[in-house]
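Remarks on the structure that follows.
Every chain is numbered from 1 and lettered A, B, ... according to where its sequence line falls, protein lines coming before strand lines. Source: prediction; values computed, not measured. As a basis for the values below, the full set of heavy atoms in this structure was taken, side chains included, without hydrogen atoms, waters or symmetry mates.
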Amino acid sequence: MNRLNTRPLIKKCRQINQIKPHQQPQIPSNVASNQLIDSLSKSGRIDEARQLFDKMPERDEFTWNTMVAGYARLGRLNEAQKIFDETPIQSSVAWSLLISGYSRNGCGTEAFALYWKMQVKGLRPTQYTLGSVLRACSNTAELLKGEQIHAHVVNTRFDDNVFVVTGLIDMYAKCERILEAEYLFMKVSDKKNHVLWSAMVTGYSQNGDGLRAIECFRDMRGEDVGTNQFTFPSVLTACAAMSAHVFGRQVHCCIIQSGFGVNVFVNSALVDMYAKCGDLHGAKRLLEDMEVDDVVAWNSLIVSYVRQGYGDEAESLFKKMHSRGMKIDNFTYPSVLNSFSFTADVRNAKHIHCLIVKSGFEDYIIIGNALVDMYAKGGCLSSAFRVFHSMPECDVVSWTSLITGYAHHGSHVEALNLFSNMRTANIHPDQFIIASIFSSSAELTILAFGRQVHGNFIKSGLGSSLSVDNSLVTMYAKCGCLEEAHQVFDLMLLRNVVSWTALIVGYAQNGKGRESLLLYDRMIVSGTRPDYVTFVGLLFACSHAGLLKDGFRFFESMDNVYGISPGAEHYACMIDLLGRSGKISEAKDLLNKMTIKPDATLWKALLAACRMHGDIELAEMAAKNLFKLEPENAMPYVLLSNIYSSSSKWDDAERIRSLMKSKGVTKEPGCSWMEVNGKMQSFMAEDRNHPRMEEIYSKVEEIMIKIKKAGYVPDTNYSLHDMDKEAKERGLAYHSEKLAVAYGLLSLPSGAPIRIFKNLRVCGDCHTAIKFVSSVFQRRIILRDANCFHHFNEGLCSCGDYW
DNA sequence: CTAGGGTTAG
């Protein structure tokens, strides 16, 4: 290119911005035309540039290249390709331009193909070619290609070229290979320039290591390599991620000194940093002082307003964007919609949904995902489902939003079915969805399914996360697998209060209250602060282990030491604890001192206590409240009637039974179920529908004979109907839990524990019988009933015969 | 003419 006397050209370029859209610029000399084409295309007026190009009598290599560059930059790749194909001299510059265009517009495959085609044509790559093609390898899926290019870099002796090494560092960092990036950075022997430094800062920041990013930036400042507008946004992102407000302010000072404070990118990064550090006023001031209304900065502030609980501010900012006639992009809508997810305000969100449809943003995947999430969180599962199905394309986030929506509203079976559909659709799970699936498996206590998902997750090679591990601990604990729960807990590199609480509750539910308390001590030593749920678990542990003194100690400490005021759940545990210890009057006192409204669980605990220790007046009160709170529940009728009977108040007992009948309340039939070879087997009392019925019944006979020899005496008090002793015994023998035990012995290998679930509390006779089975047949049997877990082993039960 | 930056749903 002719570089002589460029001054008038520069002047000409400066004038470009004053050219009115349809005013035809006068055709100057060849060199000046090239400059003009470049300037026009850079200000987005590529079609005018093309007119000029078409009129040029004579075009040089530079002319052609500038045209390719113009189209490539705007993503008009077909036109770029066409010009390239017509270019008389396809130099390596032209190739690089085209490759760069494909790379930066998400056409990595084409860029990569072109790169090799260029080699075949016998053109050697330049630093620019390598830099451009590396960009096409900058995501984890393309790491292998990136490594291939790295090898080619070494072969072509570009491995000490700072420009190329910067591209490599960036590629490795974006492929989540920060160690490789770091190694290459350290190996640069020449003086490192600020672009190289910035790439490293960005790398750390994008790999979630905000601290290293900040340190790297600090080291860079010590090296006196200068800065440009690219240097600051990455370190500001790191400050935002770390909530490093003070350091962020210092960076702000550097920015002002450097003179880059007017750059839009730098400014929007500053707004984001202040907002994420909690300085919303500072962020807003900066936003208002910006010379241009930048949509990114506005989006950023909206996100922070929503996250910090100022949905109204977010909405008013959104409205202001409209009134200022600002461009609204595909990031704006998800940010605003998120505010409605928080408040579950579906009605108001519908306006935004309409706007999205009207402005043609409906088909953006991130907007569809935000809509699905918003509707799902707001409980409008049908709307969520409709949006989900209307989406042209779904990813793992869309599925997760829908699935967690179902799970949050208690439809766990539906959630797991959807997860299976997702796998069939060949969408790969990530940590978010896995955590949600473990939680649903825990709620449904389907261990085998949860285990399979766990196994696949390990095989997938995805790293674990705090929520994955926490939900996994919960799942194993809720399924009665304390060893596994503890194993997962021990392997965790990072734990929070949820992890500790999951295990504390797990031990408590499985009848190991004392272990819960020991864990709590360890948790305090580790410096973790207990929360509301931790105390529910602890008090539950105390009540089930009969630890009255500890219970009161914890109950008092929660408010006194941790400032957590007790809720209905805590009171229910305390009432249960007092009831079990026979301290009915204390329970009554506590009830009267309560500042909150008693809930159903609390009345149930009280009623159960009354049954054991017979306080008719209190029992009547509890039952009456339960009739109102849970009119479908047979339990208060049955218990109250039993309490009357045991005090020989036959008339009252009969009155309650007929009341129950007249209200149409029926006792839920007992049902036990278990998972065998991935299939759910369920049994009702005296069930005769099972395909292996005969085998099961003869196994029950065998069990009865063997345990009677060991000393078991059937307790016919638990039989319901009035019949002769033998018939009573027979009825007892075919209780659903006994059928399940027999089936377990028949179908599970001899070393495997038998895990059974029952919808009601286990009956007293079954409890005794299963204790015998555990010693006579040398089996661990784990029975989860409506109230807690029973771990039967060697003739004993973990509940200490108190449930 | 061509590397490197800011907002992003679960």
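A donor-acceptor pair shorter than 3.5 Å cannot be found between the side chains of A:Ser92 and A:Arg124. Remark: the A:Asp38 side chain and the A:Thr66 side chain contain no N/O donor-acceptor pair separated by less than 3.5 Å. Side-chain contact check for A:Asn338 and A:Asp373: no donor-acceptor pair (N or O, by modelled atom type) lies under 3.5 Å.
Residue contacts shown for A:Ser198 are absent, as no nucleic acid heavy atom lies under 4.0 Å away. Counting any heavy atom pair closer than 4.0 Å across all strands shown, A:Val271 reaches no nucleic acid atom. Residue contacts shown for A:Gln127 are absent, as no nucleic acid heavy atom lies under 4.0 Å away. Among the protein residues, A:Ser234 comes within range of the sugar-phosphate backbone only, with heavy atoms under 4.0 Å from sugar or phosphate atoms but none that close to a base. Residue A:Val397 is classed as a base contact, given a heavy-atom separation below 4.0 Å to a base. Residue A:Gln431 is classed as having no contact, given no heavy-atom separation below 4.0 Å to the nucleic acid. Residue-level contact check: A:Asn228 touches the bases, meaning some heavy atom is under 4.0 Å from a base atom.
Here A:Lys327 does not reach the OP1 or OP2 of B:dT7: none of its side-chain N or O atoms lies under 4.0 Å away. Between A:Lys174 and the phosphate of B:dA3, there is no side-chain N or O to OP1/OP2 separation shorter than 4.0 Å. In terms of phosphate contacts, A:Arg307 brings a side-chain nitrogen or oxygen within less than 4.0 Å of OP1 or OP2 of B:dA9. Note on A:Asn338: a side-chain N or O is less than 4.0 Å away from OP1 or OP2 of B:dG10. For A:Ser335 and B:dA9, the shortest distance from a side-chain N or O to OP1 or OP2 is not below 4.0 Å. At the phosphate of B:dC1, OP1 or OP2 sits under 4.0 Å from a side-chain N or O atom of A:Lys42.
The aromatic ring of A:Phe232 is not stacked on the base of B:dG5, since the criterion of ring centres less than 5.5 Å apart with planes inclined by under 30° is not met.
Residue A:Val396 comes nearest to A:Pro429 through the heavy atom pair CG2-CA, 4.2 Å, listed as atom of the first residue, atom of the second, then distance.
Donor-acceptor pairing under 3.5 Å, judged by distance alone, is present between the side chain of A:Thr400 and the base of B:dG10.
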